[in-house]
Every structure is written in structure tokens, then in C-alpha cells.
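Taking it in order: structure first as C-alpha cells, then the write-up.
Below, all heavy atoms of this structure are taken into account, side chains as well, without hydrogens, waters or symmetry copies. Below, read A as the first sequence line, B as the second, and so on, with proteins coming before strands; counting in each chain starts at 1.
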Amino acid sequence: MVETSDIRVVRCGGSKVNLTPPIISSDSRFVLCTSGDLVKVYSTRTEEWLHSLQGHTNQVTGITLNPANHLQVYSCSVDGTVKLWDFIDGILIKTFVIGCPLFAIYVSEKHTGVLFLHVSMATDSKNECFQLVSVHLPKSAEQEVEAKEMSAVSSHISKNPSCTAFGRGGEYIAFARHLQLNVYFFRKQKTYSFSLKATDKKGAKNAFTCIACHPTDDCIATGHEDGKIRLWRNFIHKKEYTYSTQHWHHNAVNTLCFTPEGTHLLSGGIESVLVQWQYGAGNRKEFLPRLGGSILHISASSDGQLFCTSHSDNKITVIESSFKVCGVIQGLVKGDAVLTDLMIDPRSKALVLNGKPGHLQFYSLLRDKHLYNLDIVQQEYIYEAGLDQFEVVKAAFDIKGSWLATVEERGKKSSDLEFFLKLWAFDERTQSFVLNTTITAAHTDRIISMCFSSSEETTMLVTAAEDSQFKAWCQGADADTQQDQNFWSCDFVGSYHKLNPTNCSFSADSSLLAVSFQEVITIWSPDTWEMLTTLCQPPGVIRDLCFGRLSCSKYLLGTTTKNLLCCWNLLTCELEWSTSVDVSKLQPDPFSENVAAFSYQSKHTDLFVFKPSEPRPLFTNKNVCSEKVHRAVFVPREEPLNSCDESTQWLNRSQLYFLTQNMDLLTFSTATEEDRMLSSSKQLVIDDSVAVTPFYLLLGKHRQQQQKLNTQSHPVSDKPQQTQGSVTIKELLHTPAHVLPAASVLCSMFVNSFLISNTGVQQDPLREEMDSEKEEEDSEEEMEACDSQQELRAQGSVDEVTPKLSKAQERELKRVRKTDFSWMAGLIDSKP
Amino acid sequence: MGEFKVHRVRFFDYMPSGIRALAFNQDTERMAVARMDGSVEVFHCSDRFFQEKIIPGREQCGIEGLSWVGERLFSAGLNGGITEYDLTNQKVKYTIDAYGGPIWTITGNQQGTHLAVGCEDGTVKLFEVNEDQIQFERNLDRQKSRIISLSWHPSGSKIAAGMMDMIQVFNVETGHSIHRMLADRGAGTSRSKECVVWSVVYLSDGTIITGDSVGMVKLWDDQTGTLIKSHNVTKCDVLALSVSQNEDSLVAGTSEGIVVQFQFVSMVLEKDDKEWVRTRTFRNHTHDIRAVAEITTAVVSGGMDAQLVVRPLLDKIEVRSAASALRKIHFPHRRLVSCARKSGLMLFQYPGHLELWRLGESEGKGTPGSSLFVKRNPEKLLQLKVKGEDHIRCSAVSPCGGWIVYSTASTLRLYRLHCDNNNISITKISKLPKVLSSANQLCFSSDSSHLFSASAQSSVHIASLSQSGCKFVGTLKPKSGSHQAIHLLAASEDGKWLASANSDHEVHIYNLQTQKAHCTVPVYSSAVTAMGIHPATNCLFMMHADQQMFEYSIEQKQYTDWSRTVQRKGLHRFWVERDTPCLNVMFNPQNPSHVILHDMYMLCIIDQSLPLPDDKTQFYNQLTLKSLTEEQRKSQSHAFKVCKTFKDILCVELMPDQSLVVVERPLEDIATQLPAPIKQKKFAT
């Protein structure tokens, strides 16, 4: 089979946004963060992903604002280039080719035209050795310039980029490695170094973990492995240097940041508590707890009004200076391991997997956006290493998406295993899953496998556990309980020769249930609970089981630990074919006959896509990735592709996503698809450059129109011709749906927009609008199930529009708003 | 090393008294320490903090403040009197009443002309320091509340006084108050609770620093009388403050037992705008810190937990050495236990009484390290209370166990002890010679026939003891030298020689037969902490505070060859780095080459026949030696054999039956008897 070049493996679900400290633009409107080989630009106010700066060919390792121009940003990457961007328009201004992999970037106002970069020194990768170099940027008008004027500042550099920081006004640079703090003064060209003992009598671990310098005073704050924060002063003396120690964090301090005025010091660690220390006032401090994952980076905006923290659960939190969380930018949460399978929520078509500890996350692959977390464990998670806490280990959706079954477990290492089986019903009213039944002792030992029957009429859950039983659970109408509350209860307990089951699976029409007991597969009829037959193909314990779909529904596929892939014909109860391949994951496509098999051989994973009825694979991709693949899922497409190419046909109706051991979510994409994506992304750019204020509503609308008229004449403008009603259409399309007024209100506005406006006062159906606004508020309450943050913000914006006013005033205001003030805009425009 | 049967004695309930005040004399490098029981001790800071002088206290004499004026030491207390001490003879010189009620604080100015005391009645009284006495000069403006703390401006023209809820600044010339600054009572506490300004420091640039009961260290400007800055140090009280000599560092002691350091550093490097910044925190105490002092190279603190902690400031130290290590002084550097070797009696000296115990007996033999069955329990024979208010200065029991003698600052009492089986009786010897009125150190001759009593002018009186009583025989006087009080006496086994050591490091040797001074050992720079005369060779073995050892042949009037070898080769690093002085020197009659020494943490036998260790050899080699064969052991072993089985040792004695008596006082036992410390919230409790 010839490997076609138009199918390629791409990363999706966003890369880590928490690799480097996020930066806030000087007007506090944008947050920039690195994400893989992109720099993403988010709005601080709406948390919306605005656009990304595309151009690097490898991991971006650092971004920093250009001190000479606050609308520009430098980014450095492992590909050996530094790029200068205009981040508002997303334009690449310049590329500086350095020529060796770069790992961090620092700039200072005092050193104009000089960049400070971390470069790797040693050639062998074993002992990583980093060097801090300063690079003079050549002044050249060309797009791509080579910057070769490098000079080394120091080679005692930690590989952790937060262990280097510029001091007051760029006078000196402080950097730490292991137990040594170095301060290099540029004017004197002298390095002072101070070292600490590795441990003291009490066992303190003194290694440096991060550094921050006070903006106006000569004070260096250092964080340490044991959670201490030291404030160093007088560091121009070899002996009379001094430091004070503060200790709140119980584990390593991950990051430190001074506010721009220098009045406070912010620190964060694994506790996921943002701590604000008052500078110069000893141990007076404030806390912002329960921020999610452990804090990795903190950055402050240049006016000190906003802070950003990035967290280990791939999240950026925007915090106001009053210590209130005002925004959350959430990427795909990647914990240490995904214990559940990758699943697709049949309703929202969102990808469901482990998210925050004790939660299931719902992630929209289409919009590449985290939707919400569903709290499964419903217990406070304690951020401390070494604690044994409940984790969601299994989850399954039924075919309609109205039921969700989860298993949470605690005590993996210890002998006292504790686990719960929970069943969640989808509540139409709240648009969320609501806990229906908690089964405390579903089995006497760990649940191995779990699946819902796929029939439309009755939902049935089968669980197989290590206590050599499998149980079927039904929604029973108990006589004792009330009629409208249907709880789940055990319907049938099955076992086979006291063997431990290994997997279970329903056939596509739910007429058959296959349960594998070690080497034996048993086929049961769920209606009568009668064992129909057994299939056996030694050697090896059965690992995966799946039934064929559609035309291949007579086949049952199974993989064994002894590297066998077997296919049984259920009509004849005979082995149809078998082949020797080490399959780590077998995934059937629910919309076609195709089955994907990942096999791990000689340090790389291969993918085979085949139909059970045909011995020849449809598609083979050697060396998909270098890690083992244990989780994969087919995601249905919104609109099927019409590819006739044989090798891409299997991707027509659904898309295959898989998760490697390094927690990278990968997928296959075709060339046609990419073209379509590229064109659509251009249209999706939201013009968010002007804040929505009442004045903007009154005047900006017209100003904008004016501007657009101006730009029309501009030859380079690629925007489509503006029509009279385009403003309203744009408003309709680009306002988030949940803050839009009811359609009845919009309708009149929409129609009005097509009319030629006269200067007279419009008679608006005020009464009607009042009612509709009430409705709107009601509908918003219903949406609370989704992102609570989003909802909060939405309510906030409603408050903004209607600050406490009497009804008469409100009406008056609305009337004024409706009045056409275009004549005034004209006046203002003519002024300058 | 040899095997010994050990009496492990833990029934000496010695309880050190809490430290109340500290005063540091920069010129003489002496640290004066006042304790709760009224005793005053003087430590020599540059001689490894050896406790040179102890002036025992009295009942009902609570010292609240200590102050040096030149080389004179003054104290004041709640009994309303000001006391000057005679440091040469280690006793109280005089006490005069200030007539202002209890005195809370005393401080002398830097010029050495005046003393100021703060009284309960709200007056600050100025005393002029004259040649031989102090004289009341006048009162400053009387205030309504008591004066808790005082500090002179270095120029001597102004005084800052800390009171209840406020700080007053006085002009010394006029006696009037210049400024009145109110200390607020703190937000969290109740309004009715007064804010006590426990401590105040006046700096030469006009900054007044106060520590108060709200837990704040506040900086005030004396020009305007306004608050410059305040640091919240603790939730409870800041009890003590001390500023360094060059006024760039300040330490504050709190009732949580922590010492906080503030430093006067420039906020922007190489510029002059300096600020006081909190820097380091030292946690060495478990209880309230009542006094701190910042000396040249260290921070000294003391408090309710009765230990004196010397925390070195590494940035001020030029060369790191054993002399600049963290030091915790728990026990006095004097012997509180004397032992009647021949009869197995132990005399324990408490401040107000003496206890006489008979050691227990055991039977059978055990393997090394095992404990033997106790046949007879140790028994308390006698408790002797002191007459009068003075505390005991020194005491001794004769080797035969027939005599007990003790001395306070005013009297010396000698008792005859009759002990037949279970009947114990003592009779006081009533007619004592006049010269034996008070003693700095007491010692019996080895045959218990004579009593040696060290008294004023470095002289030693000899009294002969017999059934009939006590008879004065003569006085031994040094030919020349200082008149400092003698703190150590050692008599030879054959009754021929007596050695005395005084606090000027002089060691005099007297011939008892001629009652004349025999010779003087060359003066060494460090104080003698223990000495003993070898029974066979009549060599004087001396241990010094800097851990050096000397052996001096009395008959030849010169150092022995072994001593010269030790000095030439030098001592092992580990030996010199020990931080407690040796307190006793003993000789093993069975093995004349063995010298037995002990300090607070270890017991050591020096075998003079074995080679000395150099810095490359393993010093603590007991375990390695055990694993070696007989042959290899010879090549590996060296003169120092250290035993660390026992901890917190107060005294070790070698009995004639080759058993050792080890008197231990575990620090944990002391800690349990201390009052409860302030309750603190600790992480994860």
C-alpha cells in the first residue's frame, strides 16, 4: 500500500499554553501565550482566542514585549529564530536568524537593540548546559536578517527560564543555578555570586527554583525548593550581603513576580494558591486559593491592574489586582495520565476525557475550545504530592447521550481499594448531567470494563470486574421509590468458571453481549441472559473486543496479549482469520465498517485501518508516532467529506483522534480539509480592537462605518464590500449568542437597518423589549450548566448595560440610545 | 580504653534559672548576664564564652536591668535598689535605694558619667557615677505611668523612655519632656489592653526604635516625634531590642522565642538612602526571649529557657573557626557536684540548699553496654538548707565523707558528718577561725585533714580539721600578680602541693609543707577550666577554655615532654572544635598514663603512651577499632579515646574501686520543668 502524502498526522486540541509565562499587552486587552509553534493571542475581556502568530517551525520557547514598541512582541523558538510581530494584526515584521536552538528570551529597556537569549551549549544531550548570550540586532530593512553578533554573559544558567531576571532598570541581571545565585552588573562587568548550603540541619532543600527582581529597589526575590522565599539585598558585597526568609509554601515555589510598582510580590506553587506578599512588611500576605492546577507562571500587566497565572492543567487565569478572578483561558486539560477512554458526547459531539482531578472535561474539537468540566468525585482535591485521592478511571456514554456512567477509584497502591459506580442522567432543563444513582459496592473488586447497550429502546449497562463477575444494570422502576425517579439496579450477575473477565462489548444492535474471560470469549443474549456460545483461540488473554458494524456485524474482533488479532464469524462460530500483530488499541468506527488498530512495534506505532470482512487493510500508516497509543476515538464529522481517493475515504464520515503516552492528542488530516480550514479561519477574525462602552454603542458604530468606507478605497483591503446592513449583520453574527437579545427584537433592528434612515425619532416597541429582556435573563439562568465563568461574565455585562436605574430613567435611556446621533458623529469627524 | 562500672546518676534535679538581662562591654569583651534568681555571671566573649565570674544571687532580689559603666557593673531590680558589683572578688559591692519603687530599667550613658533608672512611680532618676559610689543627682519630669525602658542618645543629651502606651523623649539638661509619642494598641487586640513599650533604642541619627507588646518594632523620628515605619514582627510581644555598635543592625527578641534581625541597608545599591529592612530570623529558643545583645560578631540571646545562645553573624567574621560557631550554654562552667570518693557520697549544690546522696550498689558482672541489677538504690541522706538569704557560692564534701563545707557571700559553714549505718547526723562546727568568713572556692586535702579556702586577694587559707574542730594553720599568698578571685583549687594526692587558678588565667603552685609559693605556671591566654595533679608524677594537668591542654611538672618547674609534644604537633581539629569546656581532670591509679576528662557531651581518656592523632587520622575511631584485629588495632589507635554514650553531663568522677560516677541532667527534663511557652500555630498541627 502506497502511503499517500496528503494524509498527515497533526497535533490538535491545542498544545500547552502553560509552557512560558503569558504576557499581557500594555493596554491590558490581550494575553499572549505560546502554544506549540504558535503564539496565541487571547482577549482578556472575553477570553476569546483572537488569532495566532504563525511562522515558527518548532516549539516557541519564549515571548516578550518589545520594550521600544509596546505593540510588538519578540518570540524565540527552538528552530533558532527570533521573530518580531505586530500582535494586534498578527503580522510578522522581522525574523532574526540566530542559528542555534533558543530556550528563553529576555529584554530590558536599558539595552535597546539587544536581546538576551538562553542557548544550549553542550553538543551531547545528556548533560544539558545552557548559556546566556546577548545578541545585537542588526539594523536592516530586510525581512529576514542574520544576527551573528553574539557575546556570552554567563554559562552558569539553569535550564529553567524563570531562574533568570533583569534587575532595576536593566542595571544587572540575576540568574541562579542549583544552589548558586549570580548577579551580573553590566556597567562594572562584574559577577557576584552567592551560594547556599544544599541542606541544613532541619533538612531544608535550598536549591533555587525561580527569581524576580524588584523594579525600583535593589532587591532580588528567590524561590526555593522547600517553599522558602528569600529577599536578597546588599548584593554588591561579598560578605555583607543579607537576605530575609519567608516561608509559606509547603512545596517548591514555582514562580515569583513583583508588581510593576514594586509594592507587592506574587508567588505561586503546587498549592494552586496565589500568594501576595506586601513588600517590606514582613509576613503580611493575601491569598487567592483554589485556582485549579498548580501555578507555573505569574505575570503582571504593565499598569499592575491585571495578573495572569498559568497552571499545570493547561489554563491561564486572568486575575484583577483586587484579587478577583475575571477570566479563564482553558486549553485541553492534560493531566499525568488519561485513565478513561477517549469518548464522544453524543449530544455535543465534544471529546470527553479526564480533566481536572476528579472531573471529566468536555472539549469541543471543532472549535478547539474547552467547554466545561463535570465534577464527578464532588470532593475537594488537595494539591499535595503523595496523597491518594479519588480519580475517575472509567466513563461511558449511552448511544443517545442521555446517560453517563462513571467509575471513580481510590487506593491504587494500597490494598484497601475504594470505588464508586455513578450514573448520571442528562437533564434537558439545565443542559447538564445530573447524578442519578451512586452504587457504592457494585462489585467486590476493581471494575475492569464497562459498556452501555447500544439499542435505542432500553439502556443497559454492563460492568465487568476483577471479582470474576459481570453485572448488568438496568433502570428499574422500584416499587418502593417514587415513580418519576428511576434509579439503577442490578439486573443480572454472570460469571464463567470463576475466571476474571477482561473486557465486555455489545454488538451494534445490542442483541449480543460479548464478555471475555481470560482466554475465552462468551457470547450472551441480553434479553434472556442465556450464554449462547463460547469462542476461544489460545494462547493469550483477550485484551480488546469489538463487534463489526453495518455490513460486517457478523464479525467479532478480539486482540490477545500474545500479539494475535482474531476475527470470528458469529454465524458459524468459527475463526474467520487471525494475524499476528501486537495491537495496543482496537477502535471501531461507529459510522462505517472500518476498524482502526494501533500496533506498537520496535519503538514506533503503526496504524492499520481495515474492514473485518476484507483481509487487506484500507490504509496503513507506518510510524505514526514514537510512543504507544492506548486511547483513540472516531469523531463524526459535521459534514462528510466527499473524497473519492481510496486512502482517504475512511476519513470521510469521521475523524480518528488518538492520544499518545506523552499526552499529545493527534489526528489525521487531509489536504482538502486543511484548505478549507485555512479559508474559514480568515473569516472568523473578530474585530475586538475597540472596547464596548456606551459611547462606543452610540458613536463608535458610526465611526466604524466611516472607517470602513475609507478602507473601501484602500486597494490592499481584502475585506468584502460593505453593504448598508452589514454592521447589523456583523453585530448579529459576532456577538456571543448568550448575550444577544431575543430574535423578535433583533428582527425589527434587522429590518430597520435596510431602511434609509431619517432623522426623526424612531418609535420603538419599548414595552416589548422590556419583556424580551426579561426572557433573556431567564434563558441565561438555564445556561448555568456550561461554563460558570462565562455565565458570570455574561451577567456582568448585563449589569453594565443597566446599572441600577429607575424604570422611567431606563426607558428614557433606551429612547436616547435609539435616537440617531449620526449628525453628531459627523460633527466630531469634521473637527480634526 | 579500659572498662568501667558506671553509676549513671540522674537524681540531681539541677534547674538553671532563666536569663533576665544582658549587658555587653565592648572594651573588655565581657558579657554580663543576669538571671531570674538574682545571680550575675560574666562571660568572656573572645575566650570561647567561658564563664569567668559568677556572683550568686539572693532571695527576693529580682534583677531587671544590667548596665556597664566603664568596667563597673551595675544592676537594678524590683526591690528598688541599685547594686554595684565587685568583680575582682565576685561579690556585691553595695546597694543603694533609689526611692522610686521597683526599678524596671537601668542604663548608663556612653560617656560613663551618669546612670538613669526608670521607676514604678513614673520618674526617671539620674545618678552620677563617682569614683567609689554613685550619687543621686535629680529626677526628670515625672510621668503618670511606670517607666519600662530607657535609652540614652549616644551624645548623652537626650533620653528616650518607653512607658505604657507611649514613648517620651527627655532633654537631660532641662529634665523636661521634648516629645510624647503614642504607641497604638493594635488592631486585633482589645482596646482595653495596654500597649507596653518593652524596649527602646535611641540611635545617633535621631531615630528611636521601640519594641512593644503588640508585636511591632516601630521607628520614630525624634525631630518631629512621628512614626517613620513599623514592622509587624510577631503576634505576641517584642521583649528586647539591641543595636550593633555601628548602628547598622538591630536584633529584636520576641516572646515566641525568635530573634529577628533588621539591617540598615541601602535600597538602591551604592546610594545613601538607607532603610531598616527585616532580614534574618533566628529560632533557637523555645520560650520568651527576655534579653538580646548584638556584639561584634554574634547575636547573644537569653530567656526563660535558661540557655544563653550565641549565634554568630557570618558576614562579620573574617575567618571561620571553632570560636565562631553557634553556641548554646546550658550549664555553668563550674562544678556543682562534689564527691566523697572513699565513702561513695555525692554532694549536690543547689542555689538555696545542699543535698547529700549515697550511691547505689549493684551486683554481678555484665557485658559492656549492658545495665546491671541494682542491689541497693541510691539514697538521699541529707538536705541542708542555707541560713540567710544569700545563695551558695561553693561547697565541698571531704574525700572521707566526714566533712561538709559551704560558703555564701557572707558566711562559711563547716559541718561534721556522722554516718553509722542508717543513722545520719551532722554537727555544725561553731568556732571557725575569723579568716574563714567567706570563700570563693573550697577544697579538702586528699586525706581530709585540711581544708583549703580561697578568699580575697587570690590568697588561700589553710585550716586543719580534727575531731575537736577546726584550726587556722596559715595563709598562702602569691608572690605577685593580680588579685582576682580564685575559681579552681587542686590538691595533690600526697598532700604536698596545692595549685590555684584565678580569673586572670594565673596558676600558682604552693608547697604545703613549707606553706610557701613554689612557682607560677607561665600565663596562657585562655582561662583554665579544669586542672588536676597526677598522683604518681606530681605533674599538674591543665585544661583551657580554647581546648588546649598542658602538663606541667611541679618538681622540675617546667612543661613535661609530652606537653611540649602536644603543643608542637597541635591538637586534632575535632578536639579543638568542641564548644563546651572540660570541667574535670582525673587520673586512673591503675594506669598512670591515663588522664580522664569530660565536658558536657563526652567523656575522654587520654592515653599519654599512645601517639597523638594528626588531622588526617580518624578522630572518633572507637567503632573502627572494634572491627580490626589486635595487630591492626595497635597501628590505628591514638591517644584520644572519646565516649559519647552519656549526654548533658554535669560531672564525672572516678571512684577508687574503678567505677565511674556520671551525673547527667538531660535537657529534656529541664524543658519539661519550664513553664509552658506561648502557644503557636504550627503548620500541619
Side-chain angles (χ1 to χ4, degrees), chain A residues 167-169 171-172 174 183 185-188 190 192 194-197 200-202 204 213-221 226-251 262 271 277-285 382 384 387, chain B residues 187-188 215-219 228-235 238 244 246 248-252 254 256 258-284 297 312-320 325-326 328 681-685:
Chain A
R168 170 181 56 91
E171 292 272 326
Y172 54 89
V183 186
F185 284 85
F186 290 107
R187 195 178 297 156
K188 285 188 271 185
K190 197 173 168 193
Y192 295 90
F194 312 96
S195 44
L196 293 170
K197 271 188 227 159
D200 65 1
K201 276 177 206 157
K202 289 167 193 157
C213 295
H214 195 275
T216 53
D217 284 353
D218 280 326
C219 173
I220 300 174
D226 56 350
K228 283 192 184 119
I229 295 171
R230 286 189 169 88
L231 293 171
W232 300 71
R233 278 175 235 270
N234 247 3
F235 38 79
I236 51 165
H237 301 285
K238 266 259 133 332
K239 259 174 122 57
E240 276 107 67
Y241 72 90
T242 180
Y243 59 78
S244 54
T245 312
Q246 279 154 350
H247 202 169
W248 182 87
H249 295 277
H250 75 258
N251 221 320
E271 304 88 356
W277 307 78
Q278 202 174 333
Y279 175 70
N283 39 20
R284 207 175 297 163
K285 49 193 176 285
I382 302 157
E384 196 184 313
L387 282 185
Chain B
M216 307 287 268
V217 170
K218 288 180 171 166
L219 291 96
I228 306 170
K229 197 161 188 199
S230 64
H231 291 272
N232 191 357
V233 171
T234 170
K235 288 196 182 88
V238 177
S244 67
N246 50 0
D248 65 350
S249 168
L250 175 88
V251 284
T254 72
E256 281 172 327
I258 59 172
V259 176
V260 179
Q261 191 190 14
F262 292 86
Q263 278 175 290
F264 199 49
V265 294
S266 49
M267 299 310 280
V268 176
L269 291 172
E270 292 164 337
K271 287 197 180 151
D272 272 344
D273 54 335
K274 290 193 172 185
E275 267 182 58
W276 285 99
V277 175
R278 179 181 168 163
T279 54
R280 277 170 282 198
T281 307
F282 309 124
R283 293 165 203 274
N284 293 310
T297 58
L313 294 172
L314 294 177
D315 52 333
K316 302 270 176 67
I317 292 166
E318 295 300 322
V319 188
R320 277 204 200 187
L326 175 70
K328 292 185 177 182
K681 170 85 183 113
K682 289 244 170 77
F683 178 69
T685 54

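Neither the backbone nor the side chain of Y172(A) comes within contact range of chain B; no heavy atoms are under 4.5 Å apart. Heavy atoms of V268(B) lying under 4.5 Å from chain A belong to its backbone as well as its side chain.
Looking only at heavy-atom pairs under 4.5 Å with chain B, the residue among D217(A), T245(A), D218(A) that has the most is D218(A). Ranked by heavy-atom pairs under 4.5 Å with chain A, the list V265(B), T281(B), T279(B) is led by T279(B). Among K271(B), K229(B), Q263(B), the residue making the largest number of heavy-atom pairs under 4.5 Å with chain A is Q263(B).
For the side-chain contact (heavy atoms from CB on, under 4.5 Å) with V217(B), the lone residue among T254(B), V233(B), T234(B) that qualifies is V233(B).
Annotation: side chain of Y243(A) is in contact with side chain of L196(A) (closest heavy-atom distance under 4.5 Å).
In this structure, F185(A) has its ring center under 6.0 Å from that of Y192(A).
Within a 6.0 Å sphere centred on NZ of K188(A), other residues, nucleotides and ligands contribute more than 12 heavy atoms.
Using cut-offs of 30° and 60° on the angle between ring planes, the pair F194(A) and F235(A) is perpendicular.
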